[in-house]
Amino acid sequence: MGRDSLTIKGPFDIRNSIESGQPLAFHADYGHKGSAFALSYSTSKGVIEAALKGKQLSYSWNGEYNSRSAREEMERRFRIKDNMPSIYERISTDEFMESAILAYNGMRVTQNDPWETTLCFILSQFNNIKRIRGSVRMLINTYGTEIEGSERKLFPSAEQIKGASIEELMKHGAGFRAKYIKHAANFCSGSLDLDSLYRKDYEDAKEAIMEIEGVGDKVADCIMLFAYNKMEAFPIDTWVKRVLETVYFKGRKKRIKELHQFASERWPGMEGYAQQYLFWHARSLKLRRKA
DNA sequence: ACCCAGGCGGGCG
DNA sequence: CGCCCGCATGGG
């Protein structure tokens, strides 16, 4: 148990950083008039609660955290050390990107736990953000370990999920993805060492994570970007596909492979950040087919 | 009622 | 390879 704070340098939009569908296991409370923002999240080690006021990010911890590991957790999750002006310089290639950056200035790509990200993004397939978050909350409350003196629980480990039946997982919001969750839990608590993927490059790590049944090209890219710090990952979901086709290809249908190629040439080494701004801006514009 | 959601694996040609 | 289909479920 403890409490500390750190000062954020550069633009930081905490609300859009966590609401933009990258971390899916957060609880958030909004302050009045947008002046403060409070959040909490469960990890495998404890619960972190944090609040942002101006440039001061204060936070508290419990469980196995100590002052040093809690600080590292915060800096990592929110990529506090990212140089946003330099990133914007690299992805600000056109008017659409400029307006996205203007609208969501300070939105960070967050870096989350590999198992958490794997579980959450398997749940994300053919699903919507609101319901994914509800399912994740249910899984935490059902399978996570209790923490003394806290209403929240730890994020359930692969071992704990492995102990659940497909029927139980289905009932707790996983739907048809339950069999994938089960397989991922078996795999990640057994032959696949998630920590070892940090030492692999993007291509090799992605190939390794795709051995999990239910993890295809898009989910693998999300895990690479949102957990393993691979900024060249460019997840292409329905929104990103649509916005790319609309903005850069005059509405013509393009294959996923071509769009990956396009992104890697346009935003080399920073595809992940470009993708997050494209995705979130496209959604805010409700850039649908029938809009 | 209807459509869609941060897709995927399997089956087909 | 590319294409097409079904899939649990609930929010808009």
Side-chain angles (χ1 to χ4, degrees), chain A residues 16-26 100 104 107-112 114 116-139 142 164-187 206-228 230 233-247 252-261 263 271-291:
Chain A
N16 281 302
S17 297
I18 70 173
E19 296 278 307
S20 57
Q22 336 170 28
L24 293 159
F26 280 72
Y104 298 111
M107 177 172 68
R108 311 279 173 128
V109 167
T110 61
Q111 194 183 351
N112 305 288
E116 171 199 321
T117 306
T118 300
L119 178 57
C120 289
F121 278 90
I122 288 174
L123 281 175
S124 80
Q125 62 172 62
F126 198 42
N127 209 341
N128 62 66
I129 291 178
K130 184 162 286 187
R131 214 172 78 83
I132 298 161
R133 294 178 67 166
S135 299
V136 171
R137 198 172 306 132
M138 217 182 311
L139 292 173
T142 307
S165 69
I166 303 247
E167 290 72 24
E168 280 176 349
L169 292 170
M170 200 174 268
K171 194 169 59 187
H172 292 118
F176 70 90
R177 309 158 196 85
K179 59 182 180 293
Y180 300 144
I181 299 292
K182 180 83 171 175
H183 179 263
N186 284 330
F187 206 36
K206 182 175 175 181
E207 188 180 336
I209 205 75
M210 284 181 70
E211 288 180 35
I212 300 172
E213 198 182 334
V215 175
D217 180 73
K218 189 270 175 181
V219 169
D221 271 332
C222 285
I223 300 168
M224 290 303 108
L225 181 59
F226 301 139
Y228 288 104
K230 308 297 188 194
F234 189 81
I236 303 177
D237 74 324
T238 55
W239 292 95
V240 172
K241 182 172 189 294
R242 200 178 303 149
V243 71
L244 287 177
E245 289 168 345
T246 303
V247 174
R252 290 196 302 270
K253 295 293 176 191
K254 289 288 166 184
R255 306 205 172 131
I256 299 292
K257 196 174 176 182
E258 292 178 75
L259 295 176
H260 275 302
Q261 178 76 18
E271 294 95 318
Y273 254 103
Q275 178 275 161
Q276 193 58 29
Y277 279 81
L278 282 169
F279 169 72
W280 202 231
H281 196 42
R283 283 186 51 123
S284 75
L285 295 175
K286 299 189 191 321
L287 200 61
R288 302 164 180 279
R289 287 174 204 159
K290 304 173 185 176

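In what follows, every chain begins at residue 1, and chains take the letters A, B, ... in the order their sequences are listed. From a predicted model like this one, the values you see are computed outputs, not experimental measurements.
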Is the closest side-chain donor-acceptor distance between Y104(A) and S284(A) under 3.5 Å? yes
With sequence neighbours excluded, what pairs up with N127(A) under the side chain to side chain donor-acceptor pair (under 3.5 Å) test? R131(A)
Specify the separation, in whole Å, of atom CD1 of I256(A) and atom C1' of dC3(C). 13 Å
Rounded to whole Å, the NZ-C1' distance (K182(A) to dG9(B)) equals 20 Å
List in chain and number order the residues that pass salt bridge (Lys or Arg N to Asp or Glu O under 4.0 Å) with E213(A), two or more places apart in sequence or in another chain; answer none if no residue qualifies. none
How would you label the contact of G21(A) with the nucleic acid (heavy atoms, under 4.0 Å): base, sugar-phosphate, or nothing? base
Not counting sequence neighbours, which residues clear side chain to side chain donor-acceptor pair (under 3.5 Å) with K241(A)? List them please. E245(A)
With sequence neighbours excluded, what pairs up with Y180(A) under the ring-ring contact (aromatic ring centres under 6.0 Å, His included) test? none
Within the 4.0 Å heavy-atom criterion, would you say T238(A) contacts the bases, only the backbone, or no part of the nucleic acid? sugar-phosphate
Protein-nucleotide distance (K257(A), atom NZ; dC3(C), atom P), rounded to Å: 12 Å
Establish, with yes or no, whether the OP1 or OP2 oxygen of dA5(B) is under 4.0 angstrom from a side-chain nitrogen or oxygen of R242(A). yes
Could you give the CD1-to-C1' distance, from I129(A) to dC4(B), as a whole number of Å? 13 Å
Using Watson-Crick or G-U wobble pairs with both distances under 3.5 Å, give me DNA chain B in dot-bracket, 5' to 3', with [ ] for crossers and | for pairs to another strand. .||||.|||||||
Residue list, side chain to side chain donor-acceptor pair (under 3.5 Å) with T246(A), at least two apart or on another chain: none
Please tabulate, one pair per line, all N/O donor-acceptor pairs under 3.5 Å involving side-chain atoms of residues 166-173 of chain A, not counting sequence neighbours.
from, atom 1, to, atom 2, distance (Å)
E168(A), OE1, S165(A), N, 3.3
H172(A), ND1, Y143(A), OH, 3.2
H172(A), ND1, E168(A), O, 2.9

Proximity to DNA chain C (any heavy atom under 4.0 Å), residues of residues 216-224 of chain A only: none
Residues two or more places apart in sequence or in another chain: which of them pass salt bridge (Lys or Arg N to Asp or Glu O under 4.0 Å) with K254(A)? E258(A)
Side chain proximity check, L123(A) to L139(A), heavy atoms < 4.5 angstrom: yes
Expected string for nucleotides 4-12 of chain C under the B/S/- scheme (protein heavy atoms, under 4.0 Å, primed atoms plus P, OP1, OP2 as sugar-phosphate) is ---BBBB-S
When rounded to whole Å, the NZ to C1' distance for the pair K241(A) and dG7(B) reads 13 Å
When the distance from CH2 of W239(A) to C1' of dA5(B) is rounded to whole Å, what number comes out? 9 Å
Taking the six-membered ring of W280(A) as reference, does the NZ or CZ atom of R283(A) fall below 6.0 Å from its centre and within a 45° cone about the axis? no
Roughly how far apart, to the nearest Å, are dA8(C) and dG11(B) at atom P? 15 Å
d(CZ, F121(A); C1', dA5(B)) in whole Å: 14 Å
Those residues that, when tested against Y277(A), pass ring-ring contact (aromatic ring centres under 6.0 Å, His included) (two or more places apart): Y88(A)
Starting at CD1 of I181(A) and ending at C1' of dG7(B), how long is that distance when rounded to a whole Å? 13 Å
Report the nucleotide, chosen from dA5(B), dG9(B), dC3(C), that has the shortest atom-to-atom distance to any side-chain atom of E213(A). dG9(B)
Closest-nucleotide 5' rank along DNA chain B - winner of F279(A) and G214(A): F279(A)
I want to confirm an ordering. Mapping V215(A) and D237(A) to their closest nucleotides on DNA chain B, which one lands closer to the 5' end? D237(A)
Sequence-distant partners of Y228(A), side chain to side chain donor-acceptor pair (under 3.5 Å), two or more places apart: none
